[in-house]
Amino acid sequence: MTTLSIPALPASLELTALRQRLADAQGWENKNRTLVQLARDLPSLPEAFRTEDHRIQGCEARVWLYTDDQNGQIALWVDSDSRVVKGLLALVWSAYAGRSADEVRNFDFAALLQELGLSRFLSSSRVSGLSAIVRAIQRAV
Amino acid sequence: MTTLSIPALPASLELTALRQRLADAQGWENKNRTLVQLARDLPSLPEAFRTEDHRIQGCEARVWLYTDDQNGQIALWVDSDSRVVKGLLALVWSAYAGRSADEVRNFDFAALLQELGLSRFLSSSRVSGLSAIVRAIQRAV
Amino acid sequence: MSVWSAAQPRACFPLLTQQSELIWLDSAATTQKPLAVLDAERAFYEQINANVHRGAHRLGHAATEAFEAARSSVAHFINSPSRQQVVFTRGATEAINLVAHSWGGSQLQAGDEILISMLEHHADIVPWQMLAARTGAMVKPIPLTDALELDLDALAAMLSPRTRLVCVTAMSNVLGTRPPLSRIIAMAHAVGARVLVDAAQALAHDVIDVQALDADFLVFSAHKVFGPTGIGALWARMELLEAMPPWQGGGEMIARVSFDGTTYAPPPLRFEAGTPAFAQAVGFAAALNWLQQQDRSAIAAHETALYQQLAAGIAHIDGVHILGAPHDKGPIASLAFATAHPYDVAQFLDNADIAVRVGNHCAEPLMQALQQHGTLRVSIAAYNSAHDITRLLAVLAETLELLA
Amino acid sequence: MSVWSAAQPRACFPLLTQQSELIWLDSAATTQKPLAVLDAERAFYEQINANVHRGAHRLGHAATEAFEAARSSVAHFINSPSRQQVVFTRGATEAINLVAHSWGGSQLQAGDEILISMLEHHADIVPWQMLAARTGAMVKPIPLTDALELDLDALAAMLSPRTRLVCVTAMSNVLGTRPPLSRIIAMAHAVGARVLVDAAQALAHDVIDVQALDADFLVFSAHKVFGPTGIGALWARMELLEAMPPWQGGGEMIARVSFDGTTYAPPPLRFEAGTPAFAQAVGFAAALNWLQQQDRSAIAAHETALYQQLAAGIAHIDGVHILGAPHDKGPIASLAFATAHPYDVAQFLDNADIAVRVGNHCAEPLMQALQQHGTLRVSIAAYNSAHDITRLLAVLAETLELLA
Ligand SMILES: Cc1ncc(COP(=O)(O)O)c(C=O)c1O
Ligand SMILES: Cc1ncc(COP(=O)(O)O)c(C=O)c1O
């Protein structure tokens, strides 16, 4: 299997910008709309990599994760067949993609969800799905 | 096993008199007191006959029944280790003892309970215990 | 036939009146409860509460009478010849497990076959798989036609003297399909097989008559018929119950216990070990009584009309269709999407206060047969209105545009 | 230690306030319910009601959260290391049947021994007899001393490497006896046996800590701890649960289902097939929370004082005595009569609005050991008062005179 290189970071997914957009979206319906828009900006994982091997179990929707250590920085692809989940994965991506192993280990994703007012809205199964993904990323570095 | 002869009918257990007493007793506490008094008047089944063979199943207290056809009249002993039940058995006894097979078959014991205001007070398990006894008597003629 | 207006029944349901914006289209998962049910259960706790079948006091007698009267209500609702044929369980699932363990465990052996409709809920599959693993009996799925109806020709070909049991739902919880029960039962009986009918979904919609059906076993859950959680029932033919050994042991189900040997009570108590859910039985009876007081054929016509409104509306929205078009179906629709993920759609419906269910609906084999990862299920009950469907269709169309 | 006044707790119980003359001394059969429990269950139905573990909508999430929070409350109440170790069942009886079928069915074989205390309720006897009949394992009763305590010398002599399980109640439902659990558990563990503790009676009175006890299995019913009927729980060590195969099959308990094979969910869901009694779980948690908010040591002292008042009073009445004088006992007394029939006594108590229980209390082997056909049981709970006992004693004395 060929490896994938790190895709360029779209400006919309730059963490500070993204934080602002999600914080600005008031109410769950607007947050969901924003997540669907973010999903469009997140590069898709090529079909060839959307295999059972790369699936994260325990999520309601199907979620794929591909990681690679590229010169001390983590290369990260996340994808889902659900747009809303993919929007949340955009947040994961902006928080972790291209970071060093130390940064990956130290980033507090739960705190980010809290800050953006998302933890209040997300169901516990969705939260546990997200933390399964974060754990998988942290195991990869 | 020797058979038993029909014991003399105490005046207190004569059906008309007994009906009156139970109808007069107002409220469940007074009815219970009356039943306990009636139990004293009902001749006991001799110990030798208080065997498993003569037990009626399905009653909360232990109940024994002995029947015999004596010249076309039913000889009847009923007994219980419970006074309240024995009082109710006194009513059974006054209704059936010494009657002909036809009379036994035709007597409506449930209607009697109704008339005396007892069915309202008796629990359904007690009523079904009593009807098990009545059925056993009817089977015996 | 009189017309049913959902406004009046909705007013009977405290949750729906308190949340007046809520559109509950998830009744196949669980129904809301009319005030009459909540009041009956509460009144029982506040006025009668005592353990049953053992009282030496007036509350004990009253509780026993209320519990046994509830059994009579259930028996009456399905036209059981006697109330002794109604065994209270936690729900449809436990009822099926009871049949599998007691009847199945004592009657089936290696080589015997259990035919299970491809429409079944996991509750009517997994207990039989577990039984098969214990006994060596075989479980075989009855396939579907292209119209997503049970394939009766295939069933006819599968039935043989080895067939001991046919398991079939009275209404599919995914598609709404109503298999032709009377025909299936006659076919099974012709080879000497027994039939278990899963009436969990049907009971809230259809008049179920166990004698007219000539069923052998029938199961259901109160919480899907406007009743409380924690209770349901198994109905069975008396001669089957009488021959069945107990499954769970404990109080209530015994005649005599000693360390030298124990004898068991007759049905139904033989199968009700331990303190039963007696307060819930009272609530269950209240639910059935509530339903029986309504004009049931008007409700059925109302539900059908809503279903037709839904189907007509879906036909006008791009990127979504209803799975299957069986000849006879209840007011349940599974929606499949061209590109949208059903979870995303449900998410936006939820934002608009419309509750539906997504996933495999505990019917994975059916999902595999349908080649679906999951569907979005809309299930309709007596308290839904044309407004509910109109609003669902509007939000659905908008959502699919957003997700396109 | 503060003093407990029963007036205040009685006021929490709608049935007891509405029937102000009623003296409820049948709490060992079932307890009355505080308003907090009735309100919690009702509020759940009126505000949240949705099926759990499957919601694609806010009510589904809220219901799941309420249900799992209830599991946490139960876990916390018995100091379970995790909430995953709490399996919801219909009650203590179903919990024991679950252990017998799943753990027993997979672990025991011919020659293995199950030691069962002579104090046990049928719920802790019959499932083991049924298991023994299936597996060839042997059930042996642990005898009592003359003081009606468990005979630990006899237990020591019976324990051997063949012993796989010891079943013992934390409080006898007939006599109130509290066996020395920690010692029994240590003795059993020393030969490698597991211990199942039946906490059905104890939970309303004693602080139960599964970790301090070092128990393997522990079971109880909500309706005996001020909670609703239809729910209870099994607690077990995690490693035991993880190794146990499922018992009932259906929805909720599976990971994947297909006609080719099915895989199961981890505990506790593996053991909770079908829709659980989720509304009752919420009520159960409310009951435990209510109890935890009270001063539990003051309640215990209050109950002991009432028991002592009862015992002292009985000693002054001719023709009646309390069975057994174990060293450690809870507030439950079984009365035996010289000549009066317990049913007759209960009848007159009932006339005076005093509710007690008569019979064998689902403990026939114990009754045989006691050589009693039945006893009259007085069981005391937090809401009883000195007045209740005074009145019981007066009516009892009067009744025995009448029956003499
Ligand atoms: C000691 C004991 N164990 C088990 C049980 C059975 O409880 P349930 O009937 O609630 O399952 C009881 C209830 O009577 C009991 O007293
Ligand atoms: C057709 C069908 N059968 C059985 C069940 C199981 O019912 P319960 O979970 O109440 O036991 C369901 C519920 O989802 C169902 O829809």
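Chain letters run A, B, ... following the sequence lines, proteins first, then strands; residues in each count from 1.
No other option in C:Cys362, C:Pro228, C:Pro276, C:Gly232 has as many heavy-atom pairs under 4.5 Å with chain D as C:Pro228. Heavy-atom pairs under 4.5 Å with chain D were tallied for C:Ile231, C:Leu376, C:Ile116, C:Ile354; the largest tally goes to C:Ile116. No other option in C:Gly359, C:Ala100, C:Pro127, C:Gly60 has as many heavy-atom pairs under 4.5 Å with chain D as C:Pro127. Of the residues considered (C:Ala363, C:Pro342, C:Gly91, C:Ala273), C:Ala273 shows the highest number of contacts with chain D, using heavy-atom pairs under 4.5 Å. When the candidates C:Gln248, C:Arg42, C:His121, C:Met130 are compared by the number of heavy-atom contacts under 4.5 Å with chain D, C:Gln248 comes out ahead. Per-residue heavy-atom pair counts under 4.5 Å with chain C were compared for D:Leu35, D:Leu349, D:Thr17, D:Thr262, and the maximum is reached by D:Thr262. Here D:Ser258 is the residue among D:Ser258, D:Ala346, D:Ala279 with the most heavy-atom pairs under 4.5 Å with chain C. Of the listed residues D:Thr30, D:Leu15, D:Val126, the one with more heavy-atom pairs under 4.5 angstrom with chain C than any other is D:Leu15. Considering only heavy-atom pairs separated by less than 4.5 Å from chain C, the leading option among D:Lys224, D:His101, D:Met253, D:Gln347 is D:His101. Interface summary for chain D: among C:Leu366, C:Ile254, C:Asn351, C:Val257, the most heavy-atom pairs under 4.5 angstrom belong to C:Val257. Chosen from D:Glu41, D:Gln47, D:Lys33, D:Arg58, the residue pairing most often with chain C at heavy-atom distances under 4.5 Å is D:Arg58.
Only the backbone of C:Val356 comes within less than 4.5 Å of a heavy atom of chain D; no side-chain atom from C-beta onward does. Heavy atoms of C:Met367 lying under 4.5 Å from chain D are absent altogether. Of the atoms belonging to C:His361, not a single heavy atom falls under 4.5 Å from chain D. Residue C:Asn49 touches chain D through both its backbone and its side chain, counting heavy-atom pairs closer than 4.5 Å. With a 4.5 angstrom heavy-atom cutoff, D:Gln368 touches chain C only via side-chain atoms. Only the side chain of C:Gln19 comes within contact range of chain D, with heavy atoms under 4.5 Å apart. Of the two parts of D:Asn97, only the side chain, counted from C-beta on, holds a non-hydrogen atom closer than 4.5 Å to a non-hydrogen atom of chain C. In this structure, the portion of D:Gln18 lying under 4.5 Å from any heavy atom of chain C is its side chain and not its backbone. Neither the backbone nor the side chain of D:Asp124 comes within contact range of chain C, judged by heavy atoms closer than 4.5 Å. For D:Ile48, the part sitting under 4.5 Å from any heavy atom of chain C is the backbone (N, CA, C, O) and nothing else. Neither the backbone nor the side chain of D:Ser221 comes within contact range of chain C; no heavy atom of the residue lies under 4.5 Å from a heavy atom of that chain. With a 4.5 Å cut-off on non-hydrogen atoms, D:Leu38 touches chain C through its backbone and its side chain both. With a 4.5 Å cut-off on non-hydrogen atoms, D:Pro245 does not touch chain C at all. Heavy atoms of C:Tyr264 lying under 4.5 Å from chain D belong exclusively to its side chain. Residue contact with chain C, scored on non-hydrogen atoms closer than 4.5 Å, involves the backbone and the side chain of D:Pro246 alike. Proximity to chain C is absent for every atom of D:Phe13, based on heavy atoms less than 4.5 angstrom apart. Only the side chain of C:Asp353 comes within less than 4.5 Å of a heavy atom in chain D; its backbone stays farther off. The contact between D:Gln129 and chain C is made entirely by side chain atoms (from C-beta outward), counting heavy-atom distances below 4.5 Å. Of the atoms belonging to D:Asp39, heavy atoms from both backbone and side chain fall under 4.5 Å from chain C. Proximity to chain D (any heavy atom under 4.5 Å) is restricted, for C:Thr89, to the backbone atoms N, CA, C and O.
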Next item on the list: Let me see the working for C:Glu94 and C:Leu234 under side-chain contact (heavy atoms from CB on, under 4.5 Å), right down to the final yes or no.
Entry: CA-CA 9 Å; C:Glu94 196 194 19; C:Leu234 164 68; over 6 Å; no
Item checked: Trace of the side-chain contact (heavy atoms from CB on, under 4.5 Å) decision for C:Cys167 with C:Ile114 -> CA-CA 8 Å; C:Cys167 296; C:Ile114 305 169; 4.2 Å; yes
Margin query: Using the rule given for side-chain contact (heavy atoms from CB on, under 4.5 Å), can you reason through D:Ile125 versus C:Phe259, listing the C-alpha separation, both sets of side-chain angles and the distance that settles it, and then say yes or no?
Written below: CA-CA 8 Å; D:Ile125 300 174; C:Phe259 276 103; 4.0 Å; yes
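In this structure, the side chain of D:Lys140 does not engage the main chain of D:Met138 through any donor-acceptor pair within 3.5 Å. For the pair C:Ser102 (side chain) and C:Leu98 (backbone), a donor-acceptor distance under 3.5 Å is absent.
From C:Thr64, atom OG1 reaches atom NE2 of C:His53 across 5.5 Å, with rounding to the nearest 0.5 Å. Atom CG in C:Asp26 sits 9.0 Å away from atom CD in C:Gln32 (nearest 0.5 Å). For the atom pair CZ (C:Arg90) and CZ (D:Arg90), the distance works out to 5.5 Å, reported to the nearest 0.5 Å. Of the inter-residue distances, the one linking C:Arg377 atom CZ with C:Asn173 atom CG reads 5.5 Å to the nearest 0.5 angstrom.
Nearest heavy atom pair, residue C:His122 against residue C:Glu364, reads NE2-N, 2.9 Å. The minimum heavy-atom distance between C:Glu120 and C:Ser117, with the atom names listed, is OE2-OG, 2.7 Å. Contact detail for C:Thr93 and D:Gly274: the closest heavy-atom pair is OG1-CA, 3.3 Å.
Side-chain contact check for C:Thr31 and C:Tyr383: no donor-acceptor pair (N or O, by modelled atom type) lies under 3.5 Å. Counting only N and O atoms by type, the side chains of C:His223 and C:Thr229 include no donor and acceptor under 3.5 Å apart.
A ring-centre distance under 6.0 Å is not found for D:His373 and D:His341. C:Phe88 has its ring centre less than 6.0 Å from the ring centre of C:Phe67.
C:Ala50 is linked by a side chain to side chain contact (heavy atoms under 4.5 Å, CB included) to C:His57, C:Leu59, C:Ala63, D:Trp24, counting only residues two or more places apart in sequence or in another chain.
The list of salt bridge (Lys or Arg N to Asp or Glu O under 4.0 Å) pairs with a residue in residues 252-264 of chain C, not counting sequence neighbours, reads C:Arg54-C:Glu252.
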